[in-house]
Amino acid sequence: MDTRKKDKQPAPPGAEHEHTVLLLQGGGALGAYQAGVYEGMHDHGLAPDWVTGVSIGAINSALIAGNPPDKRVERLREFWDRVSSGMPIVGPEQIEPVRIALNRLSAATAAAFGVPGFFVPRVPPAFLAPDGMPGALSVYDTSPLHATLEELVDFDLINENQHIRLSVGAVDVQTGKSVYFDNQHCRLGAKHVMASGSLPPGFPPIEIDGSHYWDGGIVSNSPLWYVLDDSPHINALIVQVDLFRAYGELPVNLDQVQERAKDIQFSSKMLFNTERVQQLEELRHALGRLLKKVPGALQDDPDYKAVAPLAQLKRRITIAHLVNRRFPTSINAKDYEFSRATVRQLWQAGLDDVRRTYARLERLKASEVVKGVRVFELSD
């Protein structure tokens, strides 16, 4: 972890930890917010040594891990400029209905014609392809994304130097099990990243070593639990960047109903993961207290030996939680609304949230949900 400080600023939350882990949720076009967050972290010298993501979070993660530190923001910007359309930037003087109409037009354009460097509609369309053929399994062809990843991500840097750990989440189409491809356990390539973002029916399953994979967000849209399961003794600052907000206002029209349902659907598992951390940590501490009451004569019992290691974990975690806000001009199709105006707005929002966090570090207070686990809600 890069511990440089600028302008004698106070240390960020959790600076005393041994590792810095960046967790990036899925959310399509909303992923531009994550790129802005990373730029803010980079500007303040906060460098992750482990990046893990799902779906668009996996793509951003690969762009970070697959480039040297001084090139990461540049590569992120190149990707997001490439996949965003060149619609004019809408200024604050333009009324919300105009911006909403332009956003809807942008989303419709992406759905009809695809997104440059990302995906294109299948020709012929899937319903005309024979059953079982690759063209019958998705609405879009994602081969442009493969070319983009090969161009912008140095997979040799990811696999051979392993200067930063990269983990991307997918789900096995046939078994339904969550799978994480990790450069500590296998050699990663563009297909592993694409598998993490292959959300059906839009995108096709990706075949890797004889198995087929879809978007990991189908099982869980946040990689928090993978990190904790994989490294039970971890001592880390975990920066969790979510793209869908669990809390929101009551919808007033059908489009907002659909948008709100999407927010709840993709944020609910994040809430479950966080609550599960708290519940299991509380149970583990209770188990430790109980085991101390067990008579010495029973401590050779196989059952005692089986559960004793659970009470001996020395986990120290600080979760710094950033959540993308809903814009007044947001629409139900926000996850595939790739207009350049919105992409830049999202990027700036992520950057502003990090800058705002650093500006009020001395006033930030964590809630210690259980001993050894602290949480900073940074987007409130």
Side-chain angles (χ1 to χ4, degrees), residues 1-3 11-26 31 33-42 44-67 69 72 76 158 161-169 178 180-185 188 192-193 196 216-217 220-243 269-270 273-274 276-278 280-281 313-323 350 353-354 357 366 368-370 372-379:
M1 172 178 157
D2 190 340
T3 57
E16 72 278 7
H17 291 294
E18 296 173 359
H19 300 283
T20 300
V21 185
L22 181 59
L23 306 185
L24 302 180
Q25 188 188 66
Y33 175 83
Q34 296 169 339
V37 168
Y38 179 78
E39 182 181 9
M41 293 173 60
H42 177 78
H44 288 87
L46 186 59
D49 52 26
W50 185 359
V51 186
T52 176
V54 173
S55 196
I56 195 66
I59 294 174
N60 282 331
S61 295
L63 289 164
I64 293 168
N67 285 285
R72 291 172 184 167
L76 284 165
I158 289 173
N161 293 350
Q162 293 193 357
H163 62 299
I164 181 171
R165 185 173 180 182
L166 174 63
S167 313
V168 296
S178 178
Y180 271 81
F181 301 111
D182 192 313
N183 67 340
Q184 286 202 350
H185 307 306
L188 300 185
H192 299 89
V193 180
S196 182
S220 176
N221 203 30
S222 172
L224 175 62
W225 203 253
Y226 171 73
V227 170
L228 300 182
D229 272 347
D230 180 85
S231 304
H233 294 278
I234 195 168
N235 179 340
L237 166 64
I238 298 176
V239 181
Q240 181 171 324
V241 187
D242 295 332
L243 301 178
K269 292 172 183 175
M270 177 275 294
N273 283 339
T274 305
R276 185 182 172 203
V277 170
Q278 178 179 350
L280 291 185
E281 286 296 306
L313 293 178
K314 300 298 181 182
R315 178 182 287 161
R316 291 181 60 220
I317 303 168
T318 297
I319 299 176
H321 190 204
L322 286 152
V323 187
D353 279 349
V354 175
T357 295
E368 187 163 25
V369 295
V370 69
V373 180
R374 297 184 300 166
V375 177
F376 287 88
E377 294 293 345
L378 302 180
S379 298

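Note that the coordinates shown come from a computational prediction; the quantities given were computed from them, not determined experimentally.
Here the closest non-hydrogen pair linking Q34 and G57 is OE1-CA, 3.6 Å. Here the closest non-hydrogen pair linking I158 and A62 is CD1-O, 4.2 Å. Nearest heavy atoms, S222 versus Y180: O-OH, 4.1 Å. Taking both residues in full, the closest heavy atoms of G31 and N60 are given as O-ND2, 3.1 Å, listed atom of the first, atom of the second, then distance. The shortest heavy-atom contact between V241 and Y33 is CG1-CE2, 3.6 Å. Heavy-atom minimum distance, L243 versus Q25: N-OE1, 2.6 Å.
In this structure a side-chain-to-backbone donor-acceptor pair under 3.5 Å is present from S196 to G169. In this structure, the side chain of H185 does not engage the main chain of F181 through any donor-acceptor pair within 3.5 Å.
Separation of atoms OG (S220) and CH2 (W225) is listed at 11.0 Å; rounding is to 0.5 Å. To the nearest 0.5 Å, atoms CE (M41) and CG (L22) are separated by 5.0 Å. The line from CD of Q240 to OG1 of T52 is 11.0 Å long, rounded to the nearest 0.5 Å.
Partners of S55 under the side-chain hydrogen bond (donor to acceptor under 3.5 Å, both in side chains) rule, at least two apart in sequence or in another chain, are D215. With sequence neighbours left out, S61 forms a side chain to side chain contact (heavy atoms under 4.5 Å, CB included) with L24, V51, L166. R165 is linked by a salt bridge (charged side-chain N to carboxylate O under 4.0 Å, His left out) to D182, D230, counting only residues two or more places apart in sequence or in another chain.
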Q) After noting the C-alpha distance and the side-chain angles of L237 and L46, does the key distance pass the side-chain contact (heavy atoms from CB on, under 4.5 Å) rule? A) CA-CA 10 Å; L237 166 64; L46 186 59; 4.3 Å; yes
Q: With side-chain contact (heavy atoms from CB on, under 4.5 Å) as the test, would you mind laying out the steps for Y226 and S178 before giving the verdict?
A: CA-CA 10 Å; Y226 171 73; S178 178; over 6 Å; no
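Of the candidates L63, I59, N67, L63 is the only one forming a side chain to side chain contact (heavy atoms under 4.5 Å, CB included) with L76.
Two residues are said to be in side-chain contact when any heavy atoms from C-beta on lie closer than 4.5 Å; Y38 and P48 meet this criterion. Side-chain contact between I238 and L228: present, with at least one pair of heavy atoms (C-beta onward) separated by less than 4.5 Å.
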